[in-house]
Amino acid sequence: MNKVKVLFFATLRDKAGLRAVELELPPGMTIEQLKTMLVEKFPNLNGLMDHCLASINHEYHFDESEIPADAEIAFFPPVSGG
Amino acid sequence: MNKVKVLFFATLRDKAGLRAVELELPPGMTIEQLKTMLVEKFPNLNGLMDHCLASINHEYHFDESEIPADAEIAFFPPVSGG
Amino acid sequence: MTEYPEIFSITEDEIDLNTLVDFITLPSTGAAAIFTGMVRGSTTRHEPESGSGRTRHETAYLEYEAYTPMAEAKMKQVAAEIRARWPVVQGIAIVQRIGRLYPRTPTVLIACTAAHRDTGVFDAARYGIDRLKEIVPVWKKEVGPQGEVWVEGDYLPRPGE
Amino acid sequence: MTEYPEIFSITEDEIDLNTLVDFITLPSTGAAAIFTGMVRGSTTRHEPESGSGRTRHETAYLEYEAYTPMAEAKMKQVAAEIRARWPVVQGIAIVQRIGRLYPRTPTVLIACTAAHRDTGVFDAARYGIDRLKEIVPVWKKEVGPQGEVWVEGDYLPRPGE
């Protein structure tokens, strides 16, 4: 199993009440599969994961990306800084 | 006669060694006539007045402009600030 | 090849324009183009359906947060994109202030220096702020008389961005 | 109609970007585009006739002088021209520093504020520095290893400018 850290920002963190979780994932798991797993584990995330952005190790990634060991993954809405 | 003040800047002041003069001019005198008069009065200005810019009361003026009473006139090269 | 000065920062401190511009000024620098964004306390919105055609929107403050390590990485990427498009750019500073920020306060700065002003240095700064608002992971929540609301971004990065 | 903040100044003091930008920031301001020019200490010139194609030109300092009352009047004119072209511009600051100025020192600032960045505020600042260098009566003498030489301007104002 791969140890990973998952972070949530902005609306996602606020609405789900979740800032960060540490998980063990099967090797080869994709972002899409992780989203499904997160919604099962934390029902408050239901409806929030569909349109959010994802990053792996500070780079944008998409549903089909596989998650490497020791990854830092983040989920967040489109950015609104400046 | 009209009392006026004439100022010189940058190369003109440096080369002519002239910073400012106060003059009495006949009414209706133009910038062009004033230039001729200045070169007669201050031979060091010879050759400097042909291509310089002129202002009357802080506005750009040209050879044909008539000089009003109590005017502040300036002669200087094209600007190079910034 | 000279190493050109760069600064990328997510900070809770005041944005000091003097220090930042000085930091990216070389002996061969002649021009700096700088953009700063501020919290708008009042915004006039054109709403054709309202009687006057305009409504006034009041903001008490904005609460900014960032995914700091990724934000700094994406700022570096913005700088690399600037250098690819305007190779004459010398120094680059990109700073996002976070935390609770009140109207009139500068929240963000992009500054680019070059030898001369006719080198694209204005376009480089403009590009920098546009890209920051697309890909640098920072979010803001607006707090005003109407309550709290997250400001919604609308840019969706593509693979590789 | 709000009176928009403006500052026009010929000064021997340091140019303080923080204070100047703050001065032209309204509660409805969301963006500032700022240009500063610095003394270049070394300039690489392309000279095809020289062997390497490049020569290096060194400046010890620049000595600036201004015809102050006319310079301030012409700065006001530049601001009026900016407002005529970009009516959304809110505040305008135009500052020229004079005296003996060494390499890396900011010598001039143009800053324009607006509600949003996509309003032409960058173009307004760019226009401001271009016009300042055309019509504001300021001159500089360059002092370096080769001696003293007045920098030659080349713009000839037309009647009404």
Side-chain angles (χ1 to χ4, degrees), chain B residues 3-23 28-35 38 42 44-82, chain D residues 8-11 15 35-40 62-78 94-99 101 106-110 126 128-142 148-161:
Chain B
K3 260 178 49 177
V4 303
K5 189 170 184 182
V6 181
L7 308 173
F8 300 92
F9 289 95
T11 29
L12 268 74
R13 188 208 47 233
D14 259 19
K15 288 197 188 152
L18 211 57
R19 184 174 290 273
V21 287
E22 305 212 355
L23 298 172
M29 187 178 237
T30 65
I31 287 284
E32 186 167 29
Q33 290 165 337
L34 174 59
K35 284 181 180 176
L38 285 166
F42 308 101
N44 281 348
L45 288 171
N46 198 11
L48 296 175
M49 302 301 284
D50 296 341
H51 297 292
C52 71
L53 303 179
S55 68
I56 302 175
N57 297 333
H58 310 149
E59 292 295 340
Y60 288 103
H61 277 271
F62 301 85
D63 279 353
E64 57 286 357
S65 291
E66 289 187 12
I67 297 163
D70 300 314
E72 182 174 291
I73 300 144
F75 293 103
F76 46 79
V79 307
S80 63
Chain D
F8 309 110
S9 170
I10 302 287
T11 178
I15 296 178
F35 174 85
T36 63
M38 294 83 164
V39 178
R40 273 193 307 281
L62 297 176
E63 191 84 46
Y64 281 77
E65 70 171 64
Y67 178 16
T68 298
M70 180 168 171
E72 290 179 349
K74 290 291 144 188
M75 286 174 169
K76 278 183 200 168
Q77 179 180 324
V78 170
I94 307 181
V95 178
Q96 171 76 54
R97 189 172 176 191
I98 58 171
L101 298 175
T107 59
V108 68
L109 169 137
I110 309 270
R126 170 93 207 237
I129 182 63
D130 287 349
R131 285 297 276 161
L132 179 138
K133 285 171 172 266
E134 288 178 348
I135 65 167
V136 174
V138 174
W139 304 271
K140 60 191 170 211
K141 188 156 57 174
E142 189 187 341
E148 291 193 0
V149 57
W150 283 97
V151 178
E152 292 283 332
D154 54 14
Y155 188 82
L156 300 176
R158 287 153 302 175
E161 272 195 295

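Chain letters run A, B, ... following the sequence lines, proteins first, then strands; residues in each count from 1.
More than 12 heavy atoms of other shown residues, nucleotides or ligands fall within 6.0 angstrom of atom CG in Asp50(B).
When heavy atoms are compared at a cutoff of 4.5 Å, Asn57(B) does not approach chain D at all. Contact of Glu72(D) with chain B is not made at all, since no heavy-atom distance falls under 4.5 Å.
Once rounded to the nearest 0.5 Å, the distance linking OG of Ser80(B) with NZ of Lys141(D) reads 11.5 Å. Trp150(D) CH2 to Lys15(B) NZ: the interatomic distance, rounded to the nearest 0.5 Å, is 11.0 Å. Annotation: the span from Trp139(D) atom CH2 to Leu12(B) atom CG amounts to 9.5 Å, rounded to 0.5 Å. For the atom pair CD (Gln77(D)) and CD (Glu59(B)), the distance works out to 6.0 Å, reported to the nearest 0.5 Å. Separation of atoms CZ (Phe76(B)) and CE (Met70(D)) is listed at 4.0 Å; rounding is to 0.5 Å.
Ranked by non-hydrogen atom pairs under 4.5 Å with chain B, the options Ala66(D), Pro137(D), Gly37(D) are led by Pro137(D). The greatest number of non-hydrogen atom pairs below 4.5 Å with chain B, out of Ala73(D), Ala71(D), Pro69(D), is found for Pro69(D). Taking chain B as the reference chain and counting heavy-atom pairs below 4.5 Å, the highest number among Leu156(D), Ile98(D), Ile129(D), Val151(D) is found for Val151(D). Contact count versus chain B (heavy atoms, under 4.5 Å) is highest, among Tyr155(D), Tyr64(D), Tyr67(D), Phe35(D), for Tyr67(D).
Taking all atoms of both residues into account, the shortest heavy-atom contact from Val79(B) to Leu132(D) is CG2-O, 4.4 Å. Of all non-hydrogen atoms in Phe62(B) and Arg158(D), the two that sit nearest each other are CZ-C, 3.5 Å.
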